[in-house]
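Taking it in order: structure first as structure tokens, then the write-up.
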There are 2 protein chains.
Amino acid sequence: MPKAKPAADDCCTPTAKVRSRATRPYVPLCKALADETRLEILGMLAERAGMLCACEIEAHFDLSQPTISHHLRILREAGLVSAERRGTWNYYSLERPVVERLGELRALLAD
Amino acid sequence: MPKAKPAADDCCTPTAKVRSRATRPYVPLCKALADETRLEILGMLAERAGMLCACEIEAHFDLSQPTISHHLRILREAGLVSAERRGTWNYYSLERPVVERLGELRALLAD
DNA sequence: GGCATTCATCGACGTTCGTCAATATGCAAA
DNA sequence: TTTGCATATTGACGAACGTCGATGAATGCC
């Protein structure tokens with residue numbers, strides 16, 4: 001008699017088949033948030049309700065200008081911030097609707 | 001006359017000094033969530049309200065057993081799940097209070 | 001005891017990521 | 001047009017990460 005799948009039926013009722021919830025859409029969002037510098041940039045933008053000049057963001061960190069620009073691009077591509085050019089300067093502001101998706105994920109996992 | 005800090009005073013009112021909000025505590029949480037496999041494990045645990053046997057989690061993915069074990073460890077260290085040994089088997093369950101911290105982060109950034 | 005099973009750990013490998021210096025781009029004033 | 005400044009892009013480097021095969025630790029059954 002072939003025993004095939006050896007066991008794994010004694011530990012849990014094999015009925016349910018466990019369909020997972022749709023979490024994939026939140027992966028890029030979480031990846032964008034998974035960095036100390038980027039989270040702090042968002043914290044700055046949240047504190048200052050309006051916009052923030054890129055130079056002011058740079059001045060807040062001990063990081064090079066290209067590095068900050070890199071992080072701002074990732075936040076932009078994730079939709080978490082938007083940039084508005086005004087002459088030479090670039091003003092960044094928080095995109096609250098995308099931040100709200102954090103609440104959706106919380107509800108998806110906790111409710 | 002030294003011009004020191006060249007400009008950066010024409011683009012934004014230099015008064016505010018922009019104190020960022022305390023986002024650092026959420027960095028480990030976001031790092032733990034920033035992976036498709038781990039997010040889907042949490043989705044499985046959310047769907048099935050109770051616990052889930054480790055073997056059932058492994059069966060859900062096309063990944064090796066050590067890889068799933070590795071992800072489960074990261075989720076455990078982040079406090080997102082807890083494990084309970086029952087004989088040979090290991091049952092994982094979701095730690096909702098930690099998931100709730102996603103709501104805190106959302107409020108910190110969006111309110 | 002001896003053996004099988006479940007799960008965790010280790011070591012190695014390729015990939016992704018954060019960082020910087022150097023360079024490019026775009027805009028504005030002289 | 002030329003010069004200067006703000007920001008983005010490129011290329012390179014080391015560190016961190018996801019993955020696997022092999023091994024180890026703990027438990028239950030014969």
Side-chain angles (χ1 to χ4, degrees), chain A residues 1-12 14 24 27-42 51-78 81-93, chain B residues 2-12 14 24 27-41 51-78 81-93:
Chain A
M1 282 296 178
K3 242 200 325 184
K5 286 286 175 169
D9 282 356
D10 301 328
C11 56
C12 37
R24 281 184 229 48
V27 175
L29 175 65
C30 291
K31 279 188 189 295
L33 293 171
D35 179 87
E36 176 176 348
T37 301
R38 291 197 288 271
L39 262 189
E40 183 148 358
I41 291 176
L42 295 177
M51 314 176 165
L52 219 43
C53 178
C55 64
E56 199 164 359
I57 298 177
E58 290 167 18
H60 189 268
F61 296 92
D62 275 342
L63 293 170
S64 71
Q65 177 268 323
T67 297
I68 300 297
S69 186
H70 166 72
H71 287 306
L72 286 171
R73 179 158 74 126
I74 291 180
L75 291 174
R76 227 183 309 129
E77 288 173 355
V81 305
S82 59
E84 179 188 343
R85 275 205 95 88
R86 217 179 290 176
T88 310
W89 297 293
N90 226 341
Y91 293 87
Y92 283 86
S93 55
Chain B
K3 241 197 336 181
K5 287 288 177 168
D9 283 357
D10 301 330
C11 55
C12 37
R24 280 185 232 43
V27 175
L29 174 65
C30 290
K31 278 188 190 296
L33 294 171
D35 180 87
E36 177 176 348
T37 301
R38 291 197 290 272
L39 220 41
E40 183 149 357
I41 291 176
M51 314 177 168
L52 220 41
C53 179
C55 65
E56 199 163 358
I57 298 177
E58 290 168 15
H60 188 268
F61 295 94
D62 276 340
L63 293 171
S64 70
Q65 177 267 324
T67 296
I68 299 297
S69 186
H70 165 71
H71 287 306
L72 286 172
R73 178 159 73 127
I74 290 180
L75 290 174
R76 225 184 311 127
E77 288 173 355
V81 307
S82 60
E84 178 189 344
R85 275 204 95 89
R86 216 178 290 176
T88 310
W89 298 294
N90 225 340
Y91 294 88
Y92 283 87
S93 54

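Heavy atoms only: backbone and side chains are in, while hydrogens, waters and symmetry mates are out.
- Remark: C1' of D:dT27 and CH2 of B:Trp89 are 10 Å apart, rounded to the nearest angstrom.
- Atom CD in B:Glu36 sits roughly 12 Å away from atom P in D:dG18 (whole-Å rounding).
- Considering SG of B:Cys55 and OH of B:Tyr91, their distance stands at 7.5 Å, rounded to 0.5 Å.
- Counting to the nearest Å, the C1' atom of C:dG18 and the CG atom of A:Leu39 are 15 Å from each other.
- A distance of 5.0 Å separates CD1 of B:Ile41 from CD1 of B:Ile68, quoted to the nearest 0.5 Å.
- Contact between the side-chain N/O atoms of A:Tyr92 and the OP1/OP2 oxygens of D:dA8 is found at a separation under 4.0 Å.
- Protein atom OH of B:Tyr91 is 11 Å distant from nucleotide atom P of C:dT6, rounded to whole Å.
- Note that the NE2 atom of A:His60 and the CD1 atom of A:Ile57 stand 10.0 Å from one another [nearest 0.5 Å].
- Counting to the nearest Å, the P atom of D:dA15 and the NZ atom of B:Lys31 are 16 Å from each other.
- The side chain of B:Ile74 lies closest to D:dG18, out of C:dG26, D:dT19, D:dG18.
- Partners of B:Arg76 under the salt bridge (charged side-chain N to carboxylate O under 4.0 Å, His left out) rule, at least two apart in sequence or in another chain, do not exist in this structure.
- Here B:Gln65 contributes atom CD and B:Thr67 contributes atom OG1; the two are 8.5 Å apart, rounded to the nearest 0.5 Å.
- At a threshold of 4.0 angstrom between heavy atoms, the contacts of B:Arg38 are confined to the sugar-phosphate backbone, with no base atom among them.
- Taking the side chain of B:His71 as heavy atoms from C-beta on, and the options D:dT7, C:dC7, D:dT19, the nearest nucleotide is D:dT19.
- In this structure, CG on B:Leu63 lies 12.5 Å from OG on B:Ser69, to the nearest 0.5 angstrom.
- B:Asn90 has its CG atom 14 Å from the C1' atom of C:dT9, to the nearest Å.
- Taking only side-chain atoms of B:Arg76, from C-beta outward, the nucleotide of C:dG18, D:dA6, C:dA8 with the closest atom is C:dA8.
- Residues from residues 61-70 of chain B that place a heavy atom under 4.0 Å from any atom of DNA chain C, listed by number: B:Gln65, B:Pro66, B:Ser69.
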Return a table of donor-acceptor pairs under 3.5 angstrom between the side chains of residues 30-38 of chain B and protein atoms on other chains or two or more places apart.
residue: B:Lys31; atom: NZ; partner: A:Ala34; partner atom: O; Å: 3.3
residue: B:Asp35; atom: OD2; partner: B:Thr37; partner atom: N; Å: 2.9
residue: B:Asp35; atom: OD2; partner: B:Arg38; partner atom: N; Å: 3.1
residue: B:Arg38; atom: NE; partner: B:Ala32; partner atom: O; Å: 2.7
residue: B:Arg38; atom: NH1; partner: B:His71; partner atom: ND1; Å: 3.1
residue: B:Arg38; atom: NH2; partner: B:Lys31; partner atom: O; Å: 3.3

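- An OP1 or OP2 oxygen of C:dC7 is reached within less than 4.0 angstrom by no side-chain nitrogen or oxygen of B:Arg85.
- Taking atom CD1 on B:Ile57 and atom C1' on C:dA8, their separation rounds to 14 Å, with Å as the unit.
- B:Arg86 comes within 4.0 angstrom of no nucleic acid atom, judged by non-hydrogen atoms across all strands.
- One atom, CG of B:Leu72, and another, P of D:dT19, lie 12 Å apart when rounded to the nearest Å.
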